[in-house]
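Data block below; observations after.
Letters go in sequence order (proteins before strands), and every chain restarts at 1.
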Amino acid sequence: MRHWLMKTEPGEFSLDDLKRRPGRTAGWDGVRNYEARNHMRDGMRLGDRILVYHSSVKVPAAVGTAIIVREAHPDASAWDPASPYHDPRSTPKRPVWLMVEIRFESEFARPVTLAEMRAMPGLKDMPLLRRGMRLSVQPVKPEEFAIIARLGGRAAE
DNA sequence: GCCAACGTTGGC
DNA sequence: GCCAACGTTGGC
């Protein structure tokens, strides 16, 4: 089992939104970056654990966890002209963009802020902490996942 | 194929 | 709101 971090702007879609969905699941559509797509396609497998991270907010933070419940499949929003994620290069015959489906697992007792992560020696190699890192789907080491889960007030398992 | 210009991301 | 960093685009 691998571990990942997925960014989302809570104004668009938050961990709370995920929790309120029927079945507490959601398709993670709208990823329009090749490296992120390739992580979903080549790396993510059923049961992998996700850190859900809220970006573009006053206090950016990891707020909880989720699990992959469906592996990469075509992202239909790409060929929907009405979607903000529309990309005419992608068609049902030749999909360019992919999505996974995730299910809510836990909400941290308290958010683990970016500043807090920067202060933890055990997290210093996380891509998230690198200057200018914008990748919205990133691999996370099991140790890093455990540290963050513990900071958030949740047993690491 | 190079690379400058441009648009976007996202912390601060 | 600023702006650094990055990915993408398009002229050549």
Side-chain angles (χ1 to χ4, degrees), chain A residues 2-21 26-44 48-66 68 72-102 104-141 143-154:
Chain A
R2 297 194 215 184
H3 298 75
W4 307 91
L5 178 144
M6 291 175 112
K7 294 184 191 175
T8 181
E9 300 191 12
E12 298 293 320
F13 189 81
S14 68
L15 185 69
D16 256 4
D17 292 331
L18 178 62
K19 200 181 359 181
R20 291 198 192 103
R21 290 254 166 161
W28 204 263
D29 61 358
V31 173
R32 295 293 178 269
N33 169 280
Y34 289 104
E35 194 178 350
R37 179 202 67 182
N38 294 348
H39 279 315
M40 293 196 292
R41 182 189 62 195
D42 306 329
M44 285 185 169
D48 282 2
R49 312 272 300 279
I50 312 294
L51 274 173
V52 178
Y53 175 85
H54 284 173
S55 67
S56 288
V57 283
K58 208 170 279 180
V59 184
V63 291
T65 64
I68 300 287
H73 55 286
D75 178 350
S77 69
W79 56 73
D80 174 6
S83 168
Y85 306 120
H86 180 229
D87 181 348
R89 291 173 302 168
S90 188
T91 63
K93 270 232 167 70
R94 291 173 178 267
V96 175
W97 301 115
L98 305 173
M99 59 192 269
V100 294
E101 192 170 319
I102 68 173
F104 175 87
E105 182 186 33
S106 74
E107 180 169 7
F108 291 153
R110 55 183 205 82
V112 181
T113 68
L114 183 60
E116 206 174 345
M117 290 190 238
R118 288 196 192 285
M120 284 291 295
L123 301 180
K124 67 176 170 49
D125 293 332
M126 287 185 75
L128 180 75
L129 308 186
R130 283 210 301 272
R131 253 180 91 94
M133 171 50 66
R134 314 186 300 190
L135 190 61
S136 63
V137 178
Q138 304 181 6
V140 173
K141 296 188 185 121
E143 315 87 85
E144 296 164 342
F145 192 99
I147 290 171
I148 293 167
R150 181 169 49 75
L151 287 172
R154 179 170 190 279

Check: Any side-chain heavy atom of Thr8(A) sitting closer than 4.5 Å to one from His54(A)?
Finding: yes
Checklist line | Pair Arg20(A) + Asp16(A): basic N to acidic O under 4.0 Å | finding: yes
Item checked: Covered region of DNA chain B, 5' end to 3' end, by chain A [heavy atoms, under 4.0 Å] -> dG7(B) to dC12(B)
Next item on the list: Quick one: label Arg130(A) by what it contacts on the DNA or RNA (base, sugar-phosphate, nothing), any heavy atom closer than 4.0 Å.
Entry: nothing
Margin query: Under a 3.5 Å threshold, yes or no: a donor from one side chain and an acceptor from the other, between Arg32(A) and Ser77(A)?
Written below: yes
Next item on the list: Measure across Pro127(A) and Met133(A) and return the closest heavy-atom pair with its distance rounded to 0.1 Å.
Entry: O-CG, 3.1 Å
Item checked: Charged N-O contact under 4.0 Å between Glu101(A) and Arg21(A) -> no
